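One structure is given below, encoded as structure tokens.
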Amino acid sequence: MKGDVERVLFDEPAIHRRLDEIAMRISTDYRERELTVIAVLHGSLMFVADLLRRIPLPLKLDCVSVASYHGKSRSSGEVVFKEVTVPDVAGRDVLILDDILDSGHTLAAIRETLETAKPRSIQVCVLLSKKKQRAREVYPDYVGFGIQDEFVVGYGLDFKERYRNLPYIGVLRKELLESI
Ligand code: IMP
Ligand code: MG
């Protein structure tokens, strides 16, 4: 698996240091409110587990599961909700947690869907944000790291459902992407 990664961008200690900082900001911003976290599966699994354990506030956790890649490395634009029920977030202060912001399709669709349930507020937190022109505009409130427009894997992020268990985040070798 390691040989498939061209270069490591963020190792485990670097990720954890950044999570300490983001968790501190979120804990300060939400100190008077009860947070409802909506985790976007499966990519955000490691991120959510490590981040939430650093936030010493009462909070609720719900998950949504969507697909927009269909095994390819580029977003199709069509976002399919795999969880049939949308979490009931009426009147709640919602924080959406996702692994990576790329084209913006996924987070824009999730945000729109959750807004129909009339939450009190919605904010977005992503571990990674690709610096690029997006198909849909999404302005995350908390960002772990800004990265170039490259395909990355590890720490929850997959390519064809593999590499999620790598403890670091790295750029996948281009030949592997081209093999599909
Ligand atoms: P968007 O809808 O294009 O913003 O894509 C968001 C989703 O696509 C993320 O939640 C990831 O699951 C996936 N994704 C986008 N870029 C990458 C990447 O570089 N590596 C792995 N997954 C990615
Ligand atoms: Mg994902």
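Counting starts at 1 for both ligands and their atoms, following the listed order. Just so it is clear, the model here is predicted, and its values are computed rather than measured.
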Looking at ligand 1, does Arg136 have a heavy atom less than 4.0 Å from it?
-> no
Does at least one non-hydrogen atom of Val153 fall below 4.0 angstrom from an atom of ligand 1?
-> no
Tightest non-hydrogen contact, residues Leu35 and Leu95, listed as CD1-CB, 3.7 Å
Residues Ile55 and Ile26: closest non-hydrogen pair is CD1-CG2, 3.8 Å
Which atoms from ligand 1 have a heavy atom of [X] less than 4.0 Å away?
X      : answer
Asp158 : 21 (C), 22 (N)
Glu150 : 19 (O)
Lys130 : 16 (N), 17 (C), 18 (C), 19 (O)

Relative to [atom], which among [options] owns the nearest non-hydrogen atom?
atom                    : options                       : value
atom 5 (O) of ligand 1  : Asp149, Val66, Leu107, Thr106 : Thr106
atom 1 (P) of ligand 1  : Ser129, Gly43, Ser103         : Ser103
atom 22 (N) of ligand 1 : Ile169, Leu157, Asp99         : Leu157

Within 45° of the ring axis of Tyr30 and under 6.0 Å from its six-membered ring centre, is that where the NZ or CZ of Arg33 lies?
-> yes
Has the side chain of Arg134 got a donor or acceptor atom that lies under 3.5 Å from a matching backbone atom of Asp102?
-> yes
If you measure every N/O of Gly104 against every N/O of ligand 1, is any gap under 3.5 Å?
-> yes
If you measure from NZ on Lys132 to CD on Glu150, what distance do you get to the nearest 0.5 Å?
-> 11.5 Å
For ligand 1, note which part of Arg134 has a heavy atom under 4.0 Å away: side chain, backbone, both or neither.
-> neither
Heavy atom under 4.0 Å from ligand 1: found in Asp98's side chain, backbone, both, or neither?
-> side chain
Those residues at least two apart in sequence (or on a different chain) that pass side chain to side chain donor-acceptor pair (under 3.5 Å) with Glu34 are none
Is it the case that one hydrophobic cluster holds both Leu61 and Ile22, taking links as side-chain heavy atoms less than 4.5 Å apart, direct or via other members?
-> yes
Sorted by chain and residue number, the side-chain contact (heavy atoms from CB on, under 4.5 Å) partners of Arg136 (sequence neighbours excluded) come out as His105, Ala108, Glu112
